[in-house]
There are 2 protein chains.
Amino acid sequence: MDEDEVGTVDVPEATVARLPQYLRALAELAEAGLRTVSSEALAEAVGVGSAKLRKDLSHLGSYGTRGVGYDVNGLHRQIADRLGQTTPWNVVIVGIGNLGHALAGYGGFATRGFRVVGLFDDGPHVVGELVNGLRVRPLADLGTVVRPGEPTIGVLAVPAEHAQGVCDRLVAAGVTSVLNFAPTVLRVPADVDVRKVDLASELQILAFHAQRRAVRAALRTPLPNPSVPVSDRVGEVV
Amino acid sequence: MDEDEVGTVDVPEATVARLPQYLRALAELAEAGLRTVSSEALAEAVGVGSAKLRKDLSHLGSYGTRGVGYDVNGLHRQIADRLGQTTPWNVVIVGIGNLGHALAGYGGFATRGFRVVGLFDDGPHVVGELVNGLRVRPLADLGTVVRPGEPTIGVLAVPAEHAQGVCDRLVAAGVTSVLNFAPTVLRVPADVDVRKVDLASELQILAFHAQRRAVRAALRTPLPNPSVPVSDRVGEVV
DNA sequence: TAGATTGTTAATCGATTAACAATC
DNA sequence: TAGATTGTTAATCGATTAACAATC
């Protein structure tokens with residue numbers, strides 16, 4: 001691979017999504033004192049195939065040695081670098097309800113290179129509250145925390161009906177990366193990156209698979225309950 | 001498409017992951033009084049292309065009318081049916097810390113067909129606590145809540161180091177669908193379905209993209225700060 | 001040198017997209 | 001009938017996988 005500027009050569013999206021998993025596994029291996037790891041062993045730790053792992057790493061330019069494996073610390077540094085984790089990223093959380101509260105206190109952010117620097121909410125009962133050492137501020141203060149210089153990630157934990165409005169204010173304040181927990185589609189300018197976590201959706205996908213397994217099991221063992229025909233058990237529409 | 005048993009014909013995974021979004025959009029349209037919707041309009045509401053939407057729906061057998069569009073209520077019922085949402089699914093949450101607490105109180109589950117029926121934790125300070133109307137129980141009680149008859153989804157909100165052990169107990173109790181919030185790979189039998197939500201990972205992916213945008217912007221406008229060469233700004237490894 | 005393991009090639013699979021014939 | 005819109009086809013794109021030559 002060319003000796004190119006970091007971040008210029010395209011890394012496939014599917015690979016990007018796995019980099020955090022590799023990074024975490026490498027951190028654990030380093031913790032355990034391992035100096036070197038084979039693609040086979042690292043892949044096993046992450047739960048993917050070794051061919052996929054090697055292909056993924058090849059997109060980074062990679063630092064393996066044939067016949068030996070990868071240097072655990074070297075590869076860790078390489079991936080951390082690609083994820084922009086040499087310096088911590090600032091994170092602001094908007095919407096300090098149930099979920100926002102939990103996110104504000106989530107230890108996993110700090111240990112993986114993120115620093116929660118602001119909590120925002122416009123609810124009169126919430127503003128001024130102290131959460132995990134940070135005072136909740138009104139949204140009007142967004143501009144004082146989000147600084148044009150240092151990139152800031154905005155986390156949206158507001159109800160669906162407020163999500164677009166709050167997102168617009170984040171974008172106006174200069175936020176170009178948004179993690180959206182509200183079950184709504186956000187409209188943003190082309191230079192803003194939005195990722196979505198939809199908790200109920202995850203359960204619905206599990207439910208789909210569970211139902212499919214159940215129906216298939218029922219078809220393999222026809223009519224275990226003779227009084228209920230298989231086709232009535234799921235309720236066909238129309 | 002064949003008039004086949006619900007759940008027998010294979011629906012592609014990418015399509016399954018979008019069904020919850022379609023369902024939610026249809027619910028909003030029905031709420032707004034719409035009787036009929038075109039693929040163009042529904043796709044716009046969900047933020048996908050109309051060709052993709054029509055292809056997705058074609059996997060369900062679909063209920064559109066050429067020249068007219070889709071019947072909002074009919075399609076809603078059809079998708080709800082496929083997601084197994086004719087009756088609510090039981091959900092147990094294990095690990096009532098920061099995140100588990102928030103999930104126990106998350107309103108979005110109930111409105112989308114899920115019923116939280118059990119909260120579990122072995123922490124002496126947590127057991128017995130009343131959270132959102134449910135008493136937190138010790139893990140030993142899992143068997144009394146997870147009943148072989150009705151399928152139950154297990155939500156794992158414990159620290160990474162306990163995740164595998166707790167997961168094993170969920171599986172032993174008969175849970176075959178698991179939503180894992182711990183940043184660990186879970187080993188489960190082949191008949192158990194695991195989905196993972198890794199909050200820090202989501203931020204890391206956003207950070208990767210943000211860094212890539214920043215590097216590219218810097219390369220387009222070479223050396224805006226003449227004292228710092230571009231290649232030093234990101235810190236090449238080795 | 002012999003054994004191990006990477007990085008890459010090529011085949012395969014699945015998902016997306018545009019275009020349009022079918023049909024209301 | 002004319003206009004609208006679906007459902008499907010075929011082309012394209014991206015991701016996965018297995019196999020192996022390169023090389024430590």
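Here is how names work: the chains are called A, B, and so on, in the same order as the sequence lines, proteins then strands, and each is numbered from 1.
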When we call it a touch if two heavy atoms are under 4.0 Å apart, what does A/A14 touch: a base, just sugar-phosphate, or nothing? sugar-phosphate
When you measure from the side-chain N and O atoms of B/R18 to the phosphate of C/dT16, is any distance below 4.0 Å, counting only OP1 and OP2? yes
First encountered from the 5' end of DNA chain D, between A/A51 and A/E13: A/E13
Atom CZ of residue position B/R187 - does it have more than 12 heavy atoms of other residues, nucleotides or ligands inside 6.0 Å? yes
In whole angstrom, what separates A/Y63's OH from C/dG7's C1'? 15 Å
Quiz item: B/R66 side-chain donor-acceptor pair to D/dT6 base, under 3.5 Å: yes
Please report the distance, rounded to the nearest Å, between CZ in B/R54 and C1' in C/dT23. 14 Å
Choosing from C/dG7, D/dT16, C/dT16, which nucleotide comes nearest the side chain of A/K52? D/dT16
Looking at A/R216 and B/D10, is there a salt bridge between them, counting it only when a charged N and a carboxylate O are closer than 4.0 Å? yes
For B/H59 and D/dT6, give me the distance from atom NE2 to atom P, rounded to whole Å. 16 Å
Would you kindly give the CD-to-P distance between B/E40 and C/dT17, to the nearest whole Å? 14 Å
A/E202 side-chain N/O to B/V197 backbone N/O, donor-acceptor pair under 3.5 Å: no
For B/L42 and D/dT5, give me the distance from atom CG to atom P, rounded to whole Å. 14 Å
Report the nucleotide, chosen from D/dT17, D/dT6, C/dT17, that has the shortest atom-to-atom distance to any side-chain atom of A/K55. D/dT17
Separation of A/L60 atom CG from C/dT6 atom P, in whole Å? 15 Å
Please state how far atom CG in A/L57 lies from atom P in C/dT8, giving the value in whole angstrom units. 11 Å
Has the side chain of A/R24 got a donor or acceptor atom that lies under 3.5 Å from a matching backbone atom of B/P183? yes
Pairing check on C/dA21: which nucleotide meets the Watson-Crick or G-U wobble criteria with it, both distances under 3.5 Å? D/dT6
Nearest nucleotide by nearest heavy atom, which residue falls closer to the 5' end of DNA chain D, B/G69 or A/V68? B/G69
Does the side chain of A/S39 get closer than 4.0 angstrom to OP1 or OP2 of C/dT6 through an N or O atom? yes
note: B/D71, atom CG; D/dT6, atom P; distance rounded to Å ~ 13 Å
Can you tell me if the side-chain N/O atoms of B/Y70 get under 4.0 Å from OP1 or OP2 in D/dG7? yes
So which of A/Q211, A/Q204, A/R212 actually passes side chain to side chain contact (heavy atoms under 4.5 Å, CB included) with A/F208? A/R212
